[in-house]
Amino acid sequence: MRTRGFVVSPLLSTLLCVAAVGTGIVIGRHDVGVPHDAVTTHGEWVKFANASGDSVRAYVAYPERKDKAPAIIVVHEIYGLTDWEPTVADKFAARGYVAIVPDLLSSRYGMSPSRQDSASKLIATLSDAGVIADLDATYKYVNAQPATEAGNTGIIGFCWGGGTVWKYAAANPRIKAAVPCYGPVRDTAALQSVTATVFAVDAENDARVTGVLPAITAFMSNHHKTFASKVYPGMGHGFLKPGRTGADTPTADEARADIDAFFAKQLQHK
């Protein structure tokens, strides 16, 4: 069932300050159950319409800087939008970016459920066209913000979100830099329209994804795409998220540093 808004409890409604901002609506600086990283106090939950008029819910983190900032779109895993992804956005904001995390279940289901198994079942019902439409709305929203340097946008995603990064980089030629983290690709021919510079982050112990990497590398090279990849030794699928194999290791820190360096170069961010 599609929804064009949010059901808010009476208690929560007393905590949320609702105000029109740009092309969306701010629905509060804090969301139930979602911690905010100490690196920024400029995070807010918003909603905005996609092309069909359905509401997309998202978290936006703003940097402390006097000039306009590049933007980074963060795409969640197959488990929907969890407590973790807003902290990823917060950390990008601490490095000077406007970072936005859309809940890609929200335009159909209101918001991601708290149970990961329930969320993954709902993710399976989403069409590529619907996900692209929500990401188009996210791109439009973040680029319309006064703090954003319009047209200077990157994207990063994890697991299912990594595969979605590949699809969106192929769908939106305005994306400048893309980081699919252990993102599966079923058909390399679908990468034909990718124009962004891509850095693929992969794990050694993740043959389901890395097994396709040679074909991706060959395709990108043969079609003169700007592409690099790195397979991190000893890491398992999802290693950039706390609690996963290798998450709290120097190798995971190395991957995070590589991602930071990639975005800094491609988005010309100091």
Side-chain angles (χ1 to χ4, degrees), residues 31-40 43 58-61 63 72-97 99-105 112-123 154-166 168 177-185 198-213 216 228-266:
D31 204 32
V32 174
V34 180
H36 286 244
D37 197 284
V39 297
T40 180
Y59 176 76
V60 188
I72 294 177
I73 299 170
V74 180
V75 187
H76 57 69
E77 296 181 325
I78 198 170
Y79 303 114
L81 182 56
T82 69
D83 292 356
W84 175 62
E85 289 85 6
T87 70
V88 175
D90 284 340
K91 288 180 171 62
F92 278 127
R95 294 177 175 87
Y97 301 93
I100 184 167
V101 191
D103 184 343
L104 294 174
L105 285 172
S112 291
S114 58
R115 288 179 57 91
Q116 292 189 356
D117 57 344
S118 298
S120 61
K121 290 177 182 177
L122 294 180
I123 288 285
I155 187 169
I156 185 171
F158 308 91
C159 181
W160 174 86
T164 299
V165 164
W166 278 115
Y168 195 60
V179 181
C181 297
Y182 26 86
V185 174
V198 181
F199 172 51
V201 172
D202 291 296
E204 181 182 36
N205 300 327
D206 190 16
R208 180 180 67 91
V209 175
T210 57
V212 187
L213 189 56
I216 294 173
S229 65
K230 189 169 181 178
V231 177
Y232 292 86
M235 299 294 100
H237 185 80
F239 71 93
L240 290 172
K241 186 172 184 177
R244 305 286 177 78
T245 301
D248 298 319
T249 64
T251 302
D253 291 339
E254 177 186 345
R256 297 182 185 101
D258 290 341
I259 292 167
D260 288 341
F262 172 78
F263 277 133
K265 179 179 180 181
Q266 300 305 321

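Here the closest heavy-atom approach between residue Ala264 and residue Tyr97 is recorded as N-OH, 3.3 Å. Considering every non-hydrogen atom in both Ala177 and Gln266, the closest pair reads CB-CB, 3.6 Å. Here the closest heavy-atom approach between residue Ala252 and residue Ala247 is recorded as CB-O, 3.2 Å. In terms of heavy-atom proximity, Pro233 sits nearest to Thr251 at O-CG2, 3.8 Å. Smallest separation of non-hydrogen atoms from Ile73 and Pro102: CG2-CD, 4.2 Å. Taking every heavy atom of both residues into account, Ala89 and Ala99 meet most closely at O-CB, 3.6 Å.
Under a 3.5 Å cut-off, the side chain of Asp103 and the backbone N or O of Ser112 do form a donor-acceptor pair. Between the side chain of Glu85 and the main chain of Thr82, a donor-acceptor pair closer than 3.5 Å is present. Glu204 places a side-chain N or O within 3.5 Å of a backbone atom of Gly234 that can act as its donor or acceptor partner. A donor-acceptor contact shorter than 3.5 Å is absent between the side chain of Arg244 and the backbone of Leu240.
In this structure the side chain of Arg95 reaches within 4.5 angstrom of the side chain of Asp260, judged on heavy atoms. Here the side chains of Leu81 and Pro86 are in contact, with some heavy-atom distance below 4.5 Å. A heavy-atom distance below 4.5 Å is found between the side chains of Leu122 and Pro113.
Applying the ring-ring contact (aromatic ring centres under 6.0 Å, His included) criterion to Tyr182, with sequence neighbours excluded, gives His237, Phe239. For Ile123, the side-chain contact (heavy atoms from CB on, under 4.5 Å) test picks out His76, Ile78, Leu105, Leu126, Trp160, with sequence neighbours left out. The side-chain hydrogen bond (donor to acceptor under 3.5 Å, both in side chains) test applied to Tyr79 returns no partner, not counting sequence neighbours. The side-chain contact (heavy atoms from CB on, under 4.5 Å) check on Thr245 picks up nothing, with sequence neighbours excluded. Looking at residues two or more places apart in sequence or on another chain, you find no side-chain hydrogen bond (donor to acceptor under 3.5 Å, both in side chains) involving Thr210. Residues passing the side-chain contact (heavy atoms from CB on, under 4.5 Å) test with Leu213, sequence neighbours excluded: Asp202, Thr217, Phe227, Ser229, Val231. The ring-ring contact (aromatic ring centres under 6.0 Å, His included) search around Phe199 returns Phe262, not counting sequence neighbours. Under the salt bridge (Lys or Arg N to Asp or Glu O under 4.0 Å) criterion, Asp117 pairs with Arg115, sequence neighbours left out. In this structure, the salt bridge (Lys or Arg N to Asp or Glu O under 4.0 Å) partners of Glu254, at least two apart in sequence or on a different chain, are Lys230. Remark: Pro250 engages no residue in a side-chain contact (heavy atoms from CB on, under 4.5 Å) (not counting sequence neighbours).
Interatomic distance, OG1 of Thr87 versus CG of Asp83, reported as 8.5 Å (0.5 Å rounding). Between the OG1 atom of Thr164 and the CG atom of Leu104 there is a distance of 7.0 Å, given to the nearest 0.5 Å.
Applying the salt bridge (Lys or Arg N to Asp or Glu O under 4.0 Å) rule to pairs touching residues 233-243 yields Glu77-Lys241, sequence neighbours excluded.
Of the options Ile155, Val74, Ile156, a side-chain contact (heavy atoms from CB on, under 4.5 Å) to Val165 is made by Ile155 and by none of the others.
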key: Trace of the side-chain contact (heavy atoms from CB on, under 4.5 Å) decision for Val75 with Phe158   = CA-CA 7 Å; Val75 187; Phe158 308 91; over 6 Å; no
query = What's the verdict on side-chain contact (heavy atoms from CB on, under 4.5 Å) for Tyr232 and Asp258, showing C-alpha distance, side-chain angles and the deciding distance?
reply = CA-CA 11 Å; Tyr232 292 86; Asp258 290 341; 2.6 Å; yes
